[in-house]
There are 2 protein chains.
Amino acid sequence: MEITFKAINDPTRREILVYLIGGAQNAGEIAKQFSMSKPSISHHLDLLKQGNLIHAEKKGQYIIYSLNRSGFELVHAWFQGFAQYFEFPKPKIRL
Amino acid sequence: MEITFKAINDPTRREILVYLIGGAQNAGEIAKQFSMSKPSISHHLDLLKQGNLIHAEKKGQYIIYSLNRSGFELVHAWFQGFAQYFEFPKPKIRL
DNA sequence: TAAATATTTAGACATTCGTTTAAATATTTA
DNA sequence: TAAATATTTAAACGAATGTCTAAATATTTA
């Protein structure tokens with residue numbers, strides 16, 4: 001949980017996640033989207049993976065990254081705890 | 001947006017938010033829940049306020065803190081972009 | 001008005017974070 | 001097998017973060 005929240009704290013990592021909505025990509029293609037060194041992107045990918053927000057699969061010399069449901073579920077579940085609090089008050093009279 | 005994600009990154013701040021589900025409280029009462037100095041809690045409250053996750057209202061010598069819908073809406077909206085990708089079940093209660 | 005209470009602001013300090021360049025590892029191709 | 005390509009690991013470093021104590025501000029009470 002801690003590591004998942006940490007992972008989404010960084011703007012570059014959030015951009016990577018949004019980028020991956022478009023579909024799985026290898027590390028090099030992901031790095032191309034950013035004006036940042038490949039080792040930096042590699043590090044960000046590692047943190048996203050630790051937070052279970054992405055999944056890595058080796059394919060030959062490439063590593064393909066894709067969104068991982070479980071990290072998102074974790075955060076989503078946490079937010080659900082607040083949903084009840086913010087529920088609109090029910091009208092006293094049925095409309 | 002940046003500041004809101006930053007605000008929920010810290011575990012103490014997330015605990016404060018969860019604590020406030022139980023209802024609005026003044027700074028001293030909030031601080032009592034944690035084994036941490038009051039200035040530290042005050043700083044955390046400030047960051048949560050900056051992220052629009054809580055609202056502060058002065059009441060005499062006390063300051064009453066309560067959950068603020070707008071910060072939660074912001075993060076929720078961001079996650080909705082992924083909800084479609086993962087086809088999360090729709091929440092029963094609107095956030 | 002002086003003392004007590006509630007809370008924040010300021011300054012200091014160790015730790016964590018994000019970035020870079022250089023080197024290492026793994027895989028494919030010539 | 002040597003060279004090229006894809007990616008990570010390692011080491012370094014400045015910036016940001018979380019915490020503390022001490023001091024300041026604001027409000028209430030005696």
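Just so it is clear, the structure is predicted and the values come from calculations on it, not from any experiment. Letters A, B, ... mirror the listed sequences (proteins, then strands); counts begin at 1.
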Complement of dA30(D), any strand, by Watson-Crick or G-U distances under 3.5 angstrom: dT1(C)

Complementary nucleotide for dA24(D) - Watson-Crick or wobble, under 3.5 Å: dT7(C)

Side chain to side chain, L20(A) and L67(A), heavy atoms closer than 4.5 Å: yes

Verdict with reasoning, T12(B) to M36(B), per side-chain contact (heavy atoms from CB on, under 4.5 Å): CA-CA 10 Å; T12(B) 300; M36(B) 190 180 289; 3.5 Å; yes

Strand contacts (DNA chain D) in residues 45-56 of chain B, 4.0 angstrom heavy-atom criterion: L47(B)

Validation row: F72(B), L17(B) side chains within 4.5 angstrom (heavy atoms): yes

Sequence-aligned protein contact record of nucleotides 20-30 of chain C, with B where the base is within under 4.0 Å of a protein heavy atom and S where only the sugar-phosphate is: BBB---SBS--

Side chain of K6(A) - closest among dG18(D), dT9(D), dC17(C): dC17(C)

Nearest heavy-atom neighbours spanning I30(A) and L45(A): CD1-CD2, 4.1 Å

R14(A) side chain near E2(B) side chain, heavy-atom distance below 4.5 Å: yes

Nearest-nucleotide 5' precedence on DNA chain C, H43(B) against R13(A): H43(B)

Approximate separation, where rounding is to 0.5 Å, of Y65(A) OH and E29(A) CD: 14.0 Å

Any-strand Watson-Crick or G-U partner of dA16(D), both distances under 3.5 Å: dT15(C)

Non-hydrogen side-chain atoms of E57(B) and I63(B) separated by less than 4.5 Å: no

Residue met sooner reading DNA chain C from 5', once T12(A) and I64(B) are mapped to nucleotides: I64(B)

Phosphate OP1/OP2 of dT17(D): any H44(B) side-chain N/O under 4.0 Å: no

Touch class at under 4.0 angstrom, heavy-atom based, for Y65(B) against every strand present: sugar-phosphate

Within-4.5 Å side-chain heavy-atom neighbours: N52(B) and L74(B): no

Gap between atoms CG and P, on N9(A) and dA16(D) respectively (whole Å): 14 Å

Rounded interatomic separation in angstrom, taking CG from D10(A) and P from dT16(C): 18 Å

4.5 Å side-chain heavy-atom contact, K6(A) and N9(B): yes

